[in-house]
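Just below is one structure, and these are the notes that go with it.
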Amino acid sequence: MKRRSFIRNTGLAAVAAAASPALHGNATNVHPEPFGLNFAPHLGMFQAHAGADPLDQLQYMADSGFRAFEDNEMAQRPVALQEKIGRFLEDRDMKMGVFVAHTIAWSQPNLASGDLAVRQAFLDEIKAAVAVAKRVRAQWMTVVPGHVDMKQSMAFQTAHVVEALRAAAEILEPHQLTMVLEPLNFRDHPGQFLSESPQAYEICKAVNSPSCKILFDIYHQQIQEGNLIPNIEACWDEIAYFQIGDNPGRKEPGTGEINYDNVFRFIQRQGYSGILGMEHGNSISGKEGELAVLDAYRSVDP
């Protein structure tokens, strides 16, 4: 059966299954084949079908063929919920994607400043993030160095960031955990220190640790620099994680200008077995929009 026909039929099953609430740990009526790539939805993406309970949403994701999940806000969720999510992922053999490991400085210099008190606060949050990662069986956590320091040259700022990340890597290495650095585009996040993939590559090479790699957000980098496949190829040995969103709009693949068919085929040919986080909104609200997301990902899954 072709993928598009398959997901249309799956969508009808999903609507039927949504008529009664999902039960924790019990399969619903949705049983499609797993996705080939490790696409990772987030909480809220399928809430119209699954309801507000996070575990019911995870159940819907698993029953829809997803083999991974990400949650930027995991570190802020109650410990008891983190533990429940960790057990669910283990029971369903799903991978946990990224969560944000620390407080991001959106408007003030942070790691780029070289301020030792600021650096220590960051490292304390990294230590706390280790416990979160263990509860939810995560391997990766997102790190954003924060705003630029307009009073220092970029070379000094880069040295400060590298020093802070080396200290963070020393915390993570014994636990075999990886922080992934996310460059952010100038339009949505003006003034951020880290904005381009070559810059992230340079920093990872300087830190020189398996615990410091790149989160290549395809949406951000389409806006910031374009040239997606050549830049992914050039950064390949330092990329540990991808995130997805079409441009303009930051919605599911097929709603914007990015040729995700080609991008995903390239990533698959490179032998990538990691996670691709679905860090975007739904282009259509409600159940119809959720089925459109499923259809979009079946269409571009290599």
Output yes when a side-chain donor or acceptor of Q57 lies under 3.5 Å from a complementary backbone atom of G44, and no otherwise.
yes
Under 3.5 Å, is there a donor-acceptor pair between the side chain of E257 and the main chain of P248?
no
Any ion pair linking D237 and K213 (charged N to carboxylate O, less than 4.0 Å)?
no
Heavy-atom side-chain proximity of S197 to I214 below 4.5 angstrom:
no
Is there a side chain to side chain contact (heavy atoms under 4.5 Å, CB included) between D188 and Y219? Walk through the geometry before answering.
CA-CA 11 Å; D188 294 338; Y219 164 78; 2.6 Å; yes
Take F99 and N72 through the test side chain to side chain contact (heavy atoms under 4.5 Å, CB included) and record every step on the way to the result.
CA-CA 4 Å; F99 63 93; N72 283 342; over 6 Å; no
Looking at D246 and I258, would you say the former's side chain and the latter's main chain have a donor-acceptor pair under 3.5 Å?
yes
Is any side-chain heavy atom of D301 closer than 4.5 Å to a side-chain heavy atom of L37?
yes
Classify the ring geometry between Y60 and H49 as parallel (under 30°), tilted (30 to 60°) or perpendicular (over 60°).
parallel
Pairs touching residues 151-166 that satisfy salt bridge (charged side-chain N to carboxylate O under 4.0 Å, His left out), sequence neighbours left out
R119-E163
Between V98 and V180, is any pair of side-chain heavy atoms under 4.5 Å apart?
yes
Around E288, counting heavy atoms of other residues, nucleotides and ligands shown, do more than 12 lie under 6.0 Å from its CD?
no
Hey, would you say the F39 and F264 ring centroids sit under 6.0 Å apart?
yes
With a sphere of 6.0 Å drawn around CD of Q270, does it hold more than 12 non-hydrogen atoms of other residues, nucleotides or ligands?
yes
Could you check whether any side-chain heavy atom of Q243 comes within less than 4.5 Å of a side-chain heavy atom of I218, counting everything from C-beta outward?
no
Measure from the side-chain N and O atoms of E125 to the backbone N and O of A101, and report whether any donor-acceptor pair falls under 3.5 Å.
no
Residue pair M94, R67: steps toward the side chain to side chain contact (heavy atoms under 4.5 Å, CB included) verdict:
CA-CA 5 Å; M94 291 179 70; R67 299 180 291 128; 5.5 Å; no
Establish, from distance only, whether the side-chain atoms of Q139 and T178 form a donor-acceptor pair under 3.5 Å.
no
Sort out for me which residue in Q192, Q221, H189 forms a side-chain contact (heavy atoms from CB on, under 4.5 Å) with P183.
Q221
So does M74 get a backbone contact from the side chain of Q82, meaning a donor-acceptor N/O pair under 3.5 Å?
yes
Please tell me if the side chains of T142 and V144 come closer than 4.5 Å, counting only heavy atoms from C-beta onward.
yes
Using the side chain to side chain contact (heavy atoms under 4.5 Å, CB included) rule, take E182 and V143 through it: C-alpha gap first, then chi angles, then the decisive distance, then the call.
CA-CA 7 Å; E182 182 177 12; V143 166; over 6 Å; no
Pair R250, D217 - check salt bridge (Lys or Arg N to Asp or Glu O under 4.0 Å), show working.
CA-CA 11 Å; R250 203 172 192 177; D217 188 308; 3.7 Å; yes
Determine whether K95 and N38 make a side-chain contact, defined as any pair of heavy atoms from C-beta on separated by less than 4.5 Å.
yes
Mind telling me whether H280 and H42 have parallel, tilted or perpendicular rings, with 30° and 60° as the class edges?
perpendicular
Heavy-atom side-chain contact between F216 and L228 under 4.5 Å
yes
Any ion pair linking K84 and D53 (charged N to carboxylate O, less than 4.0 Å)?
no
Going by the ring-ring contact (aromatic ring centres under 6.0 Å, His included) test, which pairs reach into residues 130-185, not counting sequence neighbours?
W140-Y241
Flag, side chain of Q157 to backbone of L111, donor-acceptor distance under 3.5 Å
no
